[in-house]
Amino acid sequence: MELKNIKINEKSEFTRKCIGEAIVILLKSTDFSRLKISDIVKKAGVSRTTFYKYYTTPYSVLKDYLSLMVSEYIVKGENLGQDKFFNYDHIIFSFNFFDRYAEFFLTLADNKLHSVLFEGINEFMINHLKPDKSISMYKLYSYAGALLNSFLKWEENGKKEKVEDIAVTLEGFIS
């Protein structure tokens with residue numbers, strides 16, 4: 001990740017979230033390639049100096065914003081256990097957790113920024129599941145792609161299907 005080497009604390013996390021949320025809001029009316037740092041800092045309520053204290057580009061903001069979500073996901077899902085990551089309950093947990101951030105996911109997808117999402121989920125898989133040498137990297141990547149694409153389509157289609165039905169399908173796919 002391109003987050004500059006800074007001391008992380010609650011204030012810096014809040015500031016980083018504000019900058020990330022500002023970009024998500026701006027992306028609803030502005031193409032990513034046309035985002036200006038001045039617009040981002042104005043929307044976030046921070047200075048340019050603060051922006052550059054943490055980031056080098058708007059892309060690095062999005063990657064960091066996703067990493068903040070992933071950190072929260074890890075904490076909230078720790079009782080599910082790594083050994084049960086591919087099971088029904090964990091899939092339901094994943095969908096419900098990321099549904100809270102649906103605006104972020106859908107905004108990135110609408111702006112053709114899937115690479116941020118895939119890099120984030122792949123990084124999570126490698127850093128948190130790959131230490132288990134019995135899991136193939138290709139299984140991790142396949143599962144990551146299936147989980148992310150299914151989640152995006154579920155959100156884009158208005159969440160018409162039950163999460164439980166999707167979990168059964170995904171669990172069967174990865175078994």
Side-chain angles (χ1 to χ4, degrees), residues 1-3 6-25 27 44 54-55 58-111 113-132 134-157 159 161-171 173-175:
M1 180 174 35
E2 298 172 42
L3 184 64
I6 50 114
K7 184 177 177 182
I8 304 299
N9 58 41
E10 284 182 33
K11 183 178 178 186
S12 71
E13 188 172 313
F14 176 78
T15 301
R16 291 164 39 223
K17 283 181 181 179
C18 288
I19 295 169
E21 289 167 8
I23 289 181
V24 172
I25 292 166
L27 283 174
Y54 299 107
Y55 305 110
Y59 190 84
S60 64
V61 174
L62 294 174
K63 287 178 65 174
D64 181 49
Y65 193 66
L66 181 58
S67 76
L68 290 169
M69 284 179 220
V70 169
S71 296
E72 182 183 346
Y73 175 90
I74 291 166
V75 169
K76 296 207 175 191
E78 69 185 350
N79 64 338
L80 294 170
Q82 179 177 330
D83 59 324
K84 295 180 172 76
F85 187 77
F86 300 102
N87 77 10
Y88 175 86
D89 290 332
H90 203 279
I91 295 166
I92 290 174
F93 167 78
S94 297
F95 268 66
N96 288 328
F97 179 86
F98 287 110
D99 184 44
R100 295 174 37 218
Y101 298 100
E103 181 180 27
F104 173 79
F105 284 91
L106 293 173
T107 300
L108 266 60
D110 288 345
N111 283 273
L113 293 167
H114 296 86
S115 61
V116 173
L117 300 173
F118 278 109
E119 286 173 25
I121 197 167
N122 285 340
E123 187 176 298
F124 168 79
M125 294 292 181
I126 295 303
N127 291 338
H128 298 284
L129 297 179
K130 191 53 187 157
D132 179 350
S134 67
I135 302 174
S136 158
M137 281 181 46
Y138 296 105
K139 181 176 182 176
L140 289 176
Y141 289 139
S142 296
Y143 180 65
L147 191 64
L148 180 58
N149 277 318
S150 297
F151 174 76
L152 287 171
K153 290 303 171 194
W154 178 67
E155 288 288 348
E156 289 168 359
N157 292 334
K159 301 187 275 192
E161 300 85 1
K162 292 181 181 178
V163 173
E164 294 80 6
D165 294 340
I166 298 168
V168 167
T169 301
L170 288 175
E171 185 179 42
F173 167 75
I174 204 67
S175 306

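Quick note: numbers below take in every heavy atom, side chains included, and nothing from hydrogens, waters or symmetry partners. Residue numbers run from 1 in the order of the sequence given. All values derive from a computational prediction rather than experimental measurement.
- Pairing each heavy atom of His114 with each of Ala109, the nearest pair is CE1-O, 3.5 Å.
- For Leu117 against Leu66, the heavy-atom pair with the smallest separation is CA-CD2, 4.0 Å.
- The two residues Phe173 and Ala146 make their nearest non-hydrogen contact at CE2-CB, 3.7 Å.
- Annotation: side chain of Phe86 is in contact with side chain of Leu140 (closest heavy-atom distance under 4.5 Å).
- Between Tyr138 and Tyr141, the angle of the ring planes goes over 60°, which puts this pair in the perpendicular group of the 30/60° scheme.
- A donor-acceptor contact under 3.5 angstrom links the side chains of Tyr73 and Ser94, judged on distance only.
- Between Ala44 and Cys18, the shortest heavy-atom contact is CB-O, 3.7 Å.
- With values rounded to the nearest 0.5 angstrom, Tyr65 atom OH is found 10.0 Å from Leu62 atom CG.
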query: Would Ile92 and Tyr88 satisfy side-chain contact (heavy atoms from CB on, under 4.5 Å), going step by step from the backbone distance to the final call?
result: CA-CA 6 Å; Ile92 290 174; Tyr88 175 86; 3.3 Å; yes
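- Taking the charged nitrogens against the carboxylate oxygens, Lys153 and Glu156 do have a contact shorter than 4.0 Å, which makes a salt bridge.
- Here the closest non-hydrogen pair linking Tyr54 and Ser12 is OH-CB, 3.1 Å.
- Under the 3.5 Å distance criterion, with hydrogens and angles disregarded, a donor-acceptor pair is assigned to the side chains of Tyr55 and Asp64.
- For the residue pair Tyr143 and Ile91, the shortest heavy atom distance occurs at OH-CG1, 3.1 Å.
- With rounding to the nearest 0.5 angstrom, the CD1 atom of Ile23 is 9.5 Å from the CZ atom of Phe104.
- In this structure, the separation between CZ on Phe151 and CZ on Phe97 is 10.0 Å, given to the nearest 0.5 Å.
- Salt-bridge annotation for Lys76 and Glu72: present, with a side-chain N of the basic residue lying under 4.0 Å from a carboxylate O of the acidic one.
- From Leu113, atom CG reaches atom OG1 of Thr107 across 10.0 Å, with rounding to the nearest 0.5 Å.
- Between Phe105 and Asp99, every side-chain heavy-atom pair lies at or beyond the 4.5 Å cut-off.
- The main-chain N or O of Asp89 is found under 3.5 Å from a side-chain atom of Asn87 such that the two form a donor-acceptor pair.
- The CD atom of Glu155 lies 11.0 Å from the CD atom of Glu103; values are rounded to the nearest 0.5 Å.
- The line from OG of Ser142 to CE of Met137 is 11.0 Å long, rounded to the nearest 0.5 Å.
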- Trace of the side-chain contact (heavy atoms from CB on, under 4.5 Å) decision for Phe98 with Ile121: CA-CA 12 Å; Phe98 287 110; Ile121 197 167; over 6 Å; no
